[in-house]
Number of protein chains: 2
Amino acid sequence: MLTQAAEDYLKSIYKLQEKGGKVSTGILADYLNVKPASVTGMIKKLKSMKLVRHERYQGVTLTDAGMVIALEIIRHHRLLELYLFKALGVPWDGVHEEAEKLEHVISEDVEARMDAFLGYPTTDPHGSPIPDKNGVVLKTHSIPMTDLKNGQSCVVVEVNDSDSALLRHLGSFNLYPGTAFRVIEVAPFEGPFTIDIAGQQAVIGREVAKHIFVNNVNETDNV
Amino acid sequence: MLTQAAEDYLKSIYKLQEKGGKVSTGILADYLNVKPASVTGMIKKLKSMKLVRHERYQGVTLTDAGMVIALEIIRHHRLLELYLFKALGVPWDGVHEEAEKLEHVISEDVEARMDAFLGYPTTDPHGSPIPDKNGVVLKTHSIPMTDLKNGQSCVVVEVNDSDSALLRHLGSFNLYPGTAFRVIEVAPFEGPFTIDIAGQQAVIGREVAKHIFVNNVNETDNV
DNA sequence: TATATAATTTAGTCATACCTAAATTAATTT
DNA sequence: AAATTAATTTAGGTATGACTAAATTATATA
Ligand SMILES: [Mn+2]
Ligand SMILES: [Mn+2]
Ligand SMILES: [Mn+2]
Ligand SMILES: [Mn+2]
């Protein structure tokens, strides 16, 4: 069995390489709240276990074996989030922190039982896809809310799950995965978005909008 | 926050001092599958944190502060066992191992939610008392099954939860906490017990009987 | 009481996973 | 092409928690 730290590195490399290919030492250090020198040290260990590929100064990527483990941990994390949310009523802004610790210690048996209890779900409370037990992830197509223009309507697909204050903020507008909204106004000079959610208006700043991903984007008439 | 290892030491000291007062280094080492020298090292740390009292060569006991932490971990463990058993259907011989890892990572919030889901239970699936959220433990009165004599009837109160093969064996006789049985025969020369469980006969060896605790002991007529 | 045995502690090692500071390499400017 | 800047790696150190081997202390036996 891998250490908890090693599992967290693999998971983080997976997430970062989804966005931009090879993952640099510095980016990974930032992401894990650790110094670059520590990243170099762990990468050496992971490389010796053939879980990552690494060329000095050129960044790191997962091998197939590393990918399998990363997806396994991500599956644990997202199943746990949904389980805590649905079975125990933990609020959606609290499940991430809890799952972050539990993901490393649950057995395959408990994983399977939660999966069955939940009816083999495909997304977590923040809209992120749950890899199935073979590690297959459904690709979701979405764009950041910051790409939206005046008058467009859309549906929330996914939101960043790691900032619990942000999630509480979104909850106060009833802005969850599956929620539809329409852009009423995009303020100039990189300003905030005014949107309509089921008849209620809300103002969403750029920094917040960056963490919201949407699809089903359509031009719609103004009521 | 304490380390996982420190929490396990406190929990183990609690359990051992319940049986026999001061806990020796060697006993603790055996119990934790660790060498006595390692125990000495950890005891020094726990003493510096004022969680245990220790006189060289004289054994160790918990302070009040140490007791609070030990009971907190035991509460987590037993609530988790019951939760896994009732909410996820994990068999009673599997819950201990699972809870052993989870007990160190769940939050107070999840603890409280499991407690409410279960209706504020007082015993775990093996009959051990669950300390309440203030650390109060209901004392159960029971004797080891090995003290029983021919013809006595009783009710199972508690069984040792750490040996999963033993639990499967007991399960095969439907011998759970709450189960009533009557001793039909105690074989001489420290021999096995033949018992009657709801009309079914079973033979229970001494080594097994040592790990079963009973109460409500009565002489009863042979049918 | 002296000696043998058993338990405990001390001393020194190892592996993990982090850190800071210094050295090295790569990328960007001039 | 040389110099500056930024990123990365190396070197050396800390804390935790285990280990073995040796020294010490307590207990049991003669
Ligand atoms: Mn798994
Ligand atoms: Mn999530
Ligand atoms: Mn607690
Ligand atoms: Mn138990």
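In what follows, every heavy atom counts, from backbone to side chain, and hydrogens, waters and symmetry copies are set aside.
Taking the centre of each ring, A:H96 and A:H77 come in below the 6.0 Å mark. Taking the six-membered ring where the residue is Trp, the centroids of A:W92 and A:Y176 are separated by under 6.0 Å.
Put simply, NZ on B:K35 is 18 Å from C1' on C:dT10, counting in whole angstrom units. Summarising the geometry, the separation between CG on B:L46 and C1' on D:dA18 is reported as 15 Å, rounded to the nearest angstrom. A straight line from CE of A:M49 to P of C:dA15 spans 14 Å, rounded to a whole angstrom. The separation between B:E7 atom CD and D:dT16 atom C1' is 15 Å, rounded to whole Å. Atom-to-atom, CG of B:N33 to C1' of D:dC19 comes out at 14 Å; the value is rounded to the nearest Å. One atom, CD of A:Q4, and another, C1' of C:dA17, lie 12 Å apart when rounded to the nearest Å. Across the protein-nucleic acid pair, A:D30 atom CG and D:dA6 atom P stand 15 Å apart, rounded to whole Å. Counting to the nearest Å, the P atom of C:dT8 and the CG atom of B:L28 are 10 Å from each other.
Dashed line: the shortest gap from a side-chain N or O of B:S24 to OP1 or OP2 of C:dA7 is not under 4.0 Å. The side chain of B:R56 contributes no N or O atom lying less than 4.0 Å from OP1 or OP2 of D:dT24. For C:dT16, the OP1/OP2 oxygens have no side-chain nitrogen or oxygen of A:K45 closer than 4.0 Å. Considering only side-chain N and O atoms, A:H54 lies nowhere under 4.0 angstrom from the phosphate OP1 or OP2 of D:dT8. Taking 4.0 angstrom as the limit, B:S38 places a side-chain polar atom (N or O) nearer than this to OP1 or OP2 of D:dC19.
The cationic group of B:K86 does not satisfy the cation-pi geometry with A:F117, failing either the under 6.0 Å distance to the six-membered ring centre or the 45° limit from the ring axis.
Under a cut-off of 6.0 angstrom, the local environment of CD in A:E7 is crowded, with over 12 non-hydrogen atoms contributed by other residues, nucleotides or ligands.
Interface remark: the B:Y57 side chain does not form any donor-acceptor pair with the C:dT9 base, using a distance-only criterion of under 3.5 Å.
Residue B:K44 has its side chain nearest to C:dT10 when only C:dT20, C:dT10, D:dT8 are considered. Checking D:dT9, C:dT16, C:dA26 against every side-chain atom of A:Q58, the shortest atom distance belongs to C:dA26. Minimum atom distance to the side chain of A:T25 is reached by D:dT8, of the listed D:dA18, D:dT8, C:dT9. Checking D:dT9, D:dA18, C:dT9 against the side-chain heavy atoms of B:M42 singles out D:dA18 as nearest. Nearest to the side-chain atoms of B:T3 among the listed nucleotides C:dT9, D:dT9, D:dG17 stands D:dG17.
Two residues, B:G59 and A:A37, neighbour DNA chain C, and the one matched to the more 5' nucleotide by heavy-atom proximity is B:G59.
In this structure, B:V39 reaches neither bases nor backbone, as no heavy-atom distance under 4.0 Å exists between it and the strands shown.
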As a quick check of understanding, evaluate salt bridge (charged side-chain N to carboxylate O under 4.0 Å, His left out) for A:E103 and A:K11, giving each step before the final call. CA-CA 11 Å; A:E103 64 189 11; A:K11 188 177 67 159; 2.7 Å; yes
